[in-house]
Amino acid sequence: MSRTRSAQPDPRATLRSGLPDRYLTPEDLVTMLSLPSVETVYAWRRKRIGPPGFRVGRYLRFNPAAVQAWEAERTRSGDAA
């Protein structure tokens, strides 16, 4: 019997088609923003320079609208590389 893994949706595709209907994980941000690792997300959080996140128990989550607004502000202000 063959086990099939359910395919995880690509978070970048989700954002391109509109805001996702779920909160984003640090791993989603790594994929969407092409970051080197999850540690980058946590370093941004410690320095308070990344998108605002919140804790659900021990898990870090991000509101997709807040991530989109953060990205738009960085693009508008010329902070993007």
Residues forming a side-chain contact (heavy atoms from CB on, under 4.5 Å) with A69, sequence neighbours excluded | none
Yes or no on side chain to side chain donor-acceptor pair (under 3.5 Å) for T25 and D28, after CA distance, side-chain angles and deciding distance?
-> CA-CA 5 Å; T25 65; D28 291 335; 3.3 Å; yes
If a pair satisfies ring pair (Phe, Tyr, Trp, His ring centres under 6.0 Å) and one of its residues is in residues 33-61, list it, with sequence neighbours excluded.
-> Y23-F54, W44-W70
Spatial distance of atom CZ (R55) from atom CG (L60) [nearest 0.5 Å] |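 The distance works out to 5.0 Å.
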CD/Q68 to CG/N63 distance, rounded to the nearest 0.5 angstrom?
-> 10.0 Å
Worked verdict on T40 versus V30 for side-chain contact (heavy atoms from CB on, under 4.5 Å) | CA-CA 8 Å; T40 301; V30 169; over 6 Å; no
Is the backbone N or O of G53 less than 3.5 Å from a side-chain atom of R61, with the two atoms forming a donor-acceptor pair by type?
-> no
Using side chain to side chain donor-acceptor pair (under 3.5 Å) as the criterion, list what pairs up with E71, not counting sequence neighbours.
->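 Scan of E71 (side chain to side chain donor-acceptor pair (under 3.5 Å), adjacent residues dropped) gives T75.
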Heavy-atom pair with the smallest gap, counting every atom of V41 and P26 =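 Between these two residues, the closest heavy atoms are CG2-O, 3.9 Å.
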CA sep, side-chain torsions, deciding dist, call: M32, V67, side-chain contact (heavy atoms from CB on, under 4.5 Å) | CA-CA 10 Å; M32 289 174 4; V67 173; 4.0 Å; yes
